[in-house]
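Reading through the structure tokens given below for one structure.
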Amino acid sequence: MLHPISIHVRDAIIAGSSGRMAMLLLIYGGSVIGLPRIDIVSMLGALIAPNKQDAVTLGGAVHFSMGVIFALIYVALWSMGIGSPTWWWGLIFGAIHGLLLILMLLVALQMFPQLSQLIPGRSVMFTILLNHIVFGVVVAVVYST
């Protein structure tokens with residue numbers, strides 16, 4: 001039997017924005033606890049912008065949009081009966097999300113070895129996974145309240 005998708009878009013946008021902000025706090029403040037700093041906003045923007053200022057602006061917009069889109073995906077899955085908006089399922093979704101991103105990065109590193117300068121090793125991969133787990137947990141907790 002198909003489950004109808006019933007999501008609260010406004011709540012999903014708020015949850016995705018909150019998850020993204022928590023993730024950015026960990027990304028840019030993680031060096032305090034020994035995590036490598038990954039300037040994802042500039043990296044994303046550099047793919048499409050000619051200079052640093054535009055890269056930061058565009059990268060921020062792309063990252064914000066991705067946070068909202070992934071929150072909508074999480075919420076749609078929960079609505080279809082795949083998990084539920086609890087911290088536990090947020091952790092699971094975030095871990096799967098992070099592992100898929102790491103897999104994509106490993107493939108990209110094989111195709112473009114020069115990327116290894118931007119992604120210098122296991123500590124970055126661990127940080128990516130941790131960031132996405134934080135995102136998933138915050139999305140679930142904010143959406144469920």
Side-chain angles (χ1 to χ4, degrees), residues 1-33 35-49 52-112 114-116 118-145:
M1 179 174 147
L2 293 175
H3 294 279
I5 297 177
S6 172
I7 62 174
H8 300 280
V9 174
R10 180 191 60 121
D11 294 344
I13 291 170
I14 292 168
S17 300
S18 300
R20 176 189 174 268
M21 290 309 296
M23 189 178 186
L24 285 176
L25 284 172
L26 187 58
I27 288 171
Y28 293 110
S31 58
V32 172
I33 58 172
L35 296 174
R37 185 168 182 263
I38 307 165
D39 190 2
I40 188 65
V41 170
S42 293
M43 280 193 263
L44 285 171
L47 296 172
I48 51 178
K52 177 74 173 174
Q53 183 177 354
D54 291 344
V56 170
T57 302
L58 290 171
V62 167
H63 200 254
F64 173 80
S65 300
M66 288 173 28
V68 169
I69 289 167
F70 278 101
L72 288 166
I73 292 169
Y74 287 16
V75 169
L77 291 170
W78 293 325
S79 174
M80 292 186 297
I82 302 170
S84 60
T86 62
W87 73 268
W88 178 247
W89 278 101
L91 185 146
I92 292 169
F93 280 23
I96 292 169
H97 184 173
L99 289 170
L100 289 173
L101 179 59
I102 289 168
L103 182 61
M104 287 175 32
L105 286 172
L106 291 173
V107 169
L109 285 170
Q110 293 299 314
M111 294 171 59
F112 306 101
Q114 65 272 24
L115 287 176
S116 63
L118 299 173
I119 307 164
R122 294 179 196 263
S123 63
V124 170
M125 298 298 179
F126 170 77
T127 301
I128 289 168
L129 179 61
L130 181 61
N131 286 328
H132 287 84
I133 288 171
V134 166
F135 173 79
V137 169
V138 171
V139 167
V141 169
V142 170
Y143 185 75
S144 68
T145 54

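The shown structure was predicted, so the numbers you read here are calculated from the model rather than taken from an experiment.
- Atom CZ of residue Arg20 and atom NE2 of residue His63 lie 6.0 Å apart, to the nearest 0.5 angstrom.
- Of all non-hydrogen atoms in Ala140 and Gly90, the two that sit nearest each other are CB-CA, 3.8 Å.
- One finds the CG atom of Asp11 at 10.0 Å from the OG atom of Ser144 (value rounded to the nearest 0.5 Å).
- Shown here for Leu101 and Ile128, the closest heavy-atom pair between the two residues is CD2-CG2, 3.7 Å.
- Val138 approaches Ala22 most closely through the heavy-atom pair CG2-CB, 3.8 Å.
- Aromatic ring centroids of Tyr74 and Trp89 lie 6.0 Å or more apart.
- Here the shortest heavy-atom pairing between Leu72 and Ala12 reads CD2-CB, 3.5 Å.
- Interatomic distance, Lys52 NZ to Asp54 CG, rounded to the nearest 0.5 Å: 12.0 Å.
- Within the 4.5 Å cutoff, the side chain of Thr86 has no heavy atoms near those of the Val141 side chain.
- Taking the side chain as every heavy atom from C-beta outward, Met125 and Leu106 approach each other to under 4.5 Å.
- Within the 4.5 Å cutoff, the side chain of Trp78 has heavy atoms near those of the Val139 side chain.
- Between Ala49 and Leu58, the shortest heavy-atom distance links the atoms CB-CD1, 3.8 Å.
- Inter-residue side-chain proximity for Met66 and Val62 is flagged as met; some heavy-atom pair is nearer than 4.5 Å.
- If you take CG on Leu129 and CD1 on Ile102, they are separated by 5.0 Å, rounding to the nearest 0.5 Å.
- Taking 4.5 Å as the limit, some side-chain heavy atom of Leu35 sits within range of a side-chain heavy atom of Phe126.
- Looking only at atom types and distance, the side chain of His8 has no donor-acceptor partner in the side chain of Tyr143 under 3.5 Å away.
- Ser79 contributes no side-chain N or O that, together with a main-chain N or O of Val75, makes up a donor-acceptor pair within less than 3.5 Å.
- Here CD1 of Ile133 is found 5.0 Å from CG of Leu91. Values are rounded to the nearest 0.5 Å.
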Practice item. For the pair Ile33 and Leu26, evaluate side-chain contact (heavy atoms from CB on, under 4.5 Å) and give the outcome as yes or no after the intermediate values. Key: CA-CA 9 Å; Ile33 58 172; Leu26 187 58; 4.3 Å; yes
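- The shortest side-chain heavy-atom distance between Leu130 and Phe135 does not fall under the 4.5 Å cut-off.
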